[in-house]
Amino acid sequence: MSRNRTVFCAAAALLTMVAGGSPAAATAGEQRQPAGVAANPVLQTVALNGGANTAQASIKPFSLVGVTWADPAARVGALVQVRTRALDTRRWSPWQTLETDGRAPADVRGSSDPLWVGPSDSVQARLTGARGPLPAGLRMDLINPDAGTDTSSRDGRAQDAVTPRRAETATAGETTAAGRAAVPLPPRPAPRVVTRAGWRANEAIVKGPPEYTGPTQVFFVHHTATGNGYSCAQSAGIVRGIQAYQVRSRGWDDIGYNFLIDKCGTVFEGRGGGIGRTVLGAHTLGFNANASAIAVIGSYGGRAVSTRVRTVIAAMAAYKLGAYGSPPAGQVVVTSGGSERFPLGRKVPLFRISGHRDAGQTACPGNALYAQLPSIRAIAGAAPAGLRMIGMGGSARAGNWYFTKGVIQPAWSVTTPLGLINRFEVWVDGVLRVATPAGRRSVPVRLTPGGHTVTVRALHLSGRSTVVNSRVFADTSAPVFSREPDLALRPGTVNLGAVPMHLDWTVRDNASLGSVRLTRPATVNLGVTARTRNVGAPANRPATFTVRATDRAFNFVSASVTRTPVVVSESGAQRSGTWRPLRNSSYLGGTAVGGSVRGTSASWRFSGSSVALVLSKGPRAGRIGVFLDGRPQGMVDLRSARPLPRQAVWSRWWPQGGEHTVRIVVEGTPGRPGVALDGLVYLK
């Protein structure tokens with residue numbers, strides 16, 4: 001055999017050698033192209049048993065090879081193997097076996113599954129182990145998927161990978177779910193699919209318009225048995241080759257599978273008619289009605305598909321089955337349309353996602369892929385997993401509640417791949433408020449005032465769903481001061497720079513307080529449970545204190561109080577009895593008066609809202625009696641373990657300011673009769 005030629009053996013010799021169990025080869029090589037034949041034909045045929053005088057053929061480049069024969073009902077009954085010579089390296093491939101166990105009702109010729117061999121220019125075939133006569137019209141069909149196409153700017157990769165969307169206009173009001181409002185639903189998403197235009201289907205060879213069947217009840221998984229020796233850049237070319245082989249060699253109307261998927265997880269639209277519609281395919285003899293199918297490009301007898309491919313197959317199955325309420329993980333009883341395995345009319349129980357072999361006498365989709373079908377069913381039929389709330393925009397969380405002014409933006413996540421998600425819904429108190437596409441996982445919702453249950457529902461393409469609930473309180477009312485801030489004098493050391501007072505308030509909210517802060521004269525967190533705080537302010541000048549209360553929904557209210565702490569020295573009192581002057585830097589202004597005689601008194605008249613007496617305390621200090629507006633207030637003991645000058649030892653507060661008189665009387669306490677009077681403070 002020369003470098004550029006292959007020579008056929010006579011058909012009789014071929015049959016004799018096959019029958020005897022010894023391999024025989026039929027070869028074809030490059031010769032001068034016969035007149036009238038296209039330079040690069042899509043289909044070339046090479047007879048394998050045409051007789052001893054079979055003419056030599058001139059082989060043009062091809063990439064896919066199969067064996068066909070005249071009677072579609074006949075069987076080859078032999079091991080069919082081919083090897084090819086690569087166009088670029090000129091090297092021969094190993095012998096590869098063609099699968100010959102499949103047939104379809106649309107076949108006009110019997111056929112093996114095609115084998116992708118890549119660009120080649122020569123081929124050899126051998127048939128061994130024949131169990132009887134070979135069928136008539138046995139030939140090799142060589143397919144060039146790029147013949148007649150403009151490849152000057154294309155490299156065989158899928159182009160225009162656009163998935164058309166179903167024109168769904170369903171609204172939530174069209175369903176029977178209780179409490180559902182008339183909320184528009186997003187279109188049910190179609191998985192990303194390379195359209196026929198994307199893989200450059202040859203529409204000129206399609207024989208008539210597509211046919212449609214009923215709701216999808218079962219989804220079949222196939223493999224193309226075309227071999228795994230391809231790159232994903234060649235996938236579109238393989239699909240074109242399969243279309244050419246099934247139409248030109250087998251006589252079908254179009255490519256038989258509804259979808260094809262390569263080993264990288266790219267899905268291709270198969271038979272034309274609409275990705276979202278129930279196109280009647282030619283994929284599973286006797287079971288094409290009410291069914292859809294996907295074929296994994298390659299051979300999967302001993303090699304499993306990747307995790308990605310498995311997930312995408314599951315998504316396609318869930319998309320087709322779930323659209324009609326068929327649970328992908330379930331089973332169904334279907335009626336055979338007639339096949340080699342199940343006669344016409346036989347009721348056959350099948351998994352909703354089945355392998356080709358479940359319905360026919362075939363090894364398809366290969367042992368390894370068939371073993372993966374349970375996991376594909378589990379993925380396709382599962383409810384969304386890992387749904388959880390990851391945020392609630394426009395709100396603050398406290399315990400198990402979220403608080404908002406009215407507009408929230410829940411955000412969520414799922415661990416299920418988004419390609420398996422139909423949509424997300426947000427419900428409020430059992431009423432659907434908004435539905436979003438699978439790719440959107442956050443949406444604004446306005447709530448009416450009060451407490452609500454907000455539910456996020458994730459819908460799987462299978463029809464199953466998962467929910468997560470949140471408690472949300474919508475609050476448009478600011479907190480209310482039931483007692484506005486006020487100041488009162490308190491016990492403590494009096495300095496002209498810091499008169500001791502306490503700030504009091506009471507604030508409530510109809511939902512939940514978030515914070516209470518002092519914002520003036522300084523910023524201080526007061527806490528939501530406190531009702532008073534010790535403060536101080538310089539004497540004899542106005543001091544303003546502002547309290548701001550904010551609820552969990554960020555509504556807030558502020559209130560202020562302004563008071564002037566007025567310090568009146570002992571010299572400003574109306575005194576009677578015996579007082580003696582005292583001088584010491586520890587006294588207010590450096591002076592005070594001392595009294596030790598029983599009945600010695602001092603009084604002040606003032607107008608204010610709070611008052612405090614300022615005296616010194618110490619180990620030998622005595623007691624005083626206090627009278628307010630002429631009424632006795634009891635005795636105040638000034639004794640302490642250590643000297644404490646400038647002490648506010650007694651105080652009073654009134655909700656409204658007014659005129660008051662405070663008088664003290666020295667008791668002349670036995671053993672410690674003396675007291676040191678330093679003055680009086682009142683709030684103006």
Side-chain angles (χ1 to χ4, degrees), residues 163-177 180 184-193 210-222 257-259 261 267 269-284 286-295 311-337 347-356 358-359 373 376-384 416 419-425 435 437-438 457-466:
T163 301
R165 298 283 183 174
R166 290 181 62 190
E168 293 182 327
T169 57
T171 67
E174 294 172 350
T175 72
T176 60
R180 210 183 259 273
L185 301 181
R188 191 166 185 270
R192 184 172 178 82
V193 176
E211 297 181 59
Y212 297 94
T213 183
T216 303
Q217 298 294 312
V218 62
F219 187 86
F220 288 105
V221 178
H222 297 248
Y257 309 114
N258 298 103
F259 304 97
I261 179 173
V267 179
E269 178 185 10
R271 178 160 291 211
I275 291 169
R277 303 185 66 183
T278 54
V279 177
L280 179 65
H283 45 76
T284 310
F287 297 89
N288 290 310
N290 302 332
S292 185
I294 192 169
T311 301
V312 175
I313 293 173
M316 292 302 305
Y319 170 68
K320 297 301 293 185
L321 292 167
Y324 303 99
S326 302
Q331 293 179 291
V332 63
V333 176
V334 296
T335 302
S336 172
K347 302 292 185 182
V348 182
L350 292 173
F351 284 105
R352 296 280 188 179
I353 299 176
S354 286
H356 184 188
D358 293 322
L373 293 186
I376 291 173
R377 293 184 196 110
I379 295 169
T416 295
L420 287 160
I421 299 295
N422 181 355
R423 65 179 180 269
F424 295 106
E425 297 174 348
R457 181 177 182 231
L459 278 80
H460 198 279
L461 283 173
S462 67
R464 296 185 63 187
S465 64
T466 302

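- For the pair Arg271 and Tyr257, the cation does not sit on the ring face, since its NZ or CZ is not both under 6.0 Å from the ring centre and inside 45° of the axis.
- For the atom pair CG of Leu459 and CG of Leu420, the computed distance is 13.0 Å after rounding to the nearest 0.5 Å.
- A cation-pi geometry, defined here as NZ or CZ lying under 6.0 Å from the six-membered ring centre and within 45° of its normal, does not hold between Arg457 and Phe424.
- Of all non-hydrogen atoms in Ile379 and Ala314, the two that sit nearest each other are CG2-CB, 3.5 Å.
- In terms of the ring-ring contact (aromatic ring centres under 6.0 Å, His included) criterion, Phe220 has no residue partners (sequence neighbours excluded).
- Residues satisfying the side-chain contact (heavy atoms from CB on, under 4.5 Å) criterion with Thr466, sequence neighbours excluded, are Ala383, Pro384, Leu387.
- The closest side-chain heavy-atom distance from Ile294 to Phe219 is below 4.5 Å.
- Side-chain atoms of Val348 and Val333, non-hydrogen and from C-beta on, never get closer than 4.5 Å to each other.
- Note that the NE2 atom of His460 and the OG1 atom of Thr416 stand 5.5 Å from one another [nearest 0.5 Å].
- By the ring-ring contact (aromatic ring centres under 6.0 Å, His included) test, His356 is found to be paired with His222, residues two or more places apart in sequence or in another chain being considered.
- Between Pro210 and Tyr212 the shortest heavy-atom distance is CG-OH, 3.6 Å.
- The distance from the CE atom of Met316 to the CG atom of Leu321 is 10.5 Å, given to the nearest 0.5 Å.
- Residues Pro437 and Pro186 share a closest heavy-atom pair of N-CG, 3.8 Å.
- The closest side-chain donor-acceptor pair between Gln331 and Arg352, if any, does not fall under 3.5 angstrom.
- At least one side-chain heavy atom of Ile275 sits less than 4.5 Å from a side-chain heavy atom of Tyr319.
- Side-chain contact between Pro191 and Phe259: absent, with no pair of heavy atoms (C-beta onward) separated by less than 4.5 Å.
- The structure places CD1 of Ile353 at 11.0 Å from OG of Ser292, a figure rounded to the nearest 0.5 Å.
- Pro327 and Gly325 make their closest contact through CD-O, 3.3 Å (heavy atoms, listed as atom of the first residue, atom of the second, distance).
- Using a 4.5 Å heavy-atom threshold, the side chains of Thr335 and Phe287 count as separate.
- Residues Ala318 and Ser462 come closest through the heavy atom pair CB-N, 3.9 Å.
- Listed by chain and number, the residues in a side-chain contact (heavy atoms from CB on, under 4.5 Å) with Thr213 are Thr278, Leu280, Ala289, Asn290 (sequence neighbours excluded).
- Shown here for Ala359 and Thr284, the closest heavy-atom pair between the two residues is CB-CG2, 3.6 Å.
- A donor atom on one side chain and an acceptor atom on the other are not found under 3.5 Å apart for Thr216 and Lys320.
- By the side-chain contact (heavy atoms from CB on, under 4.5 Å) test, Ala329 is found to be paired with no residue, residues two or more places apart in sequence or in another chain being considered.
- In this structure, the side chains of Arg423 and Leu185 come closer than 4.5 Å at one or more pairs of heavy atoms.
- In terms of the side chain to side chain donor-acceptor pair (under 3.5 Å) criterion, residue partners of His283 (sequence neighbours excluded) are, by chain and number, Asn258, Asn288.
- Residues Ile421 and Leu461 have side chains not in contact (no heavy-atom distance under 4.5 Å, counting atoms from C-beta outward).
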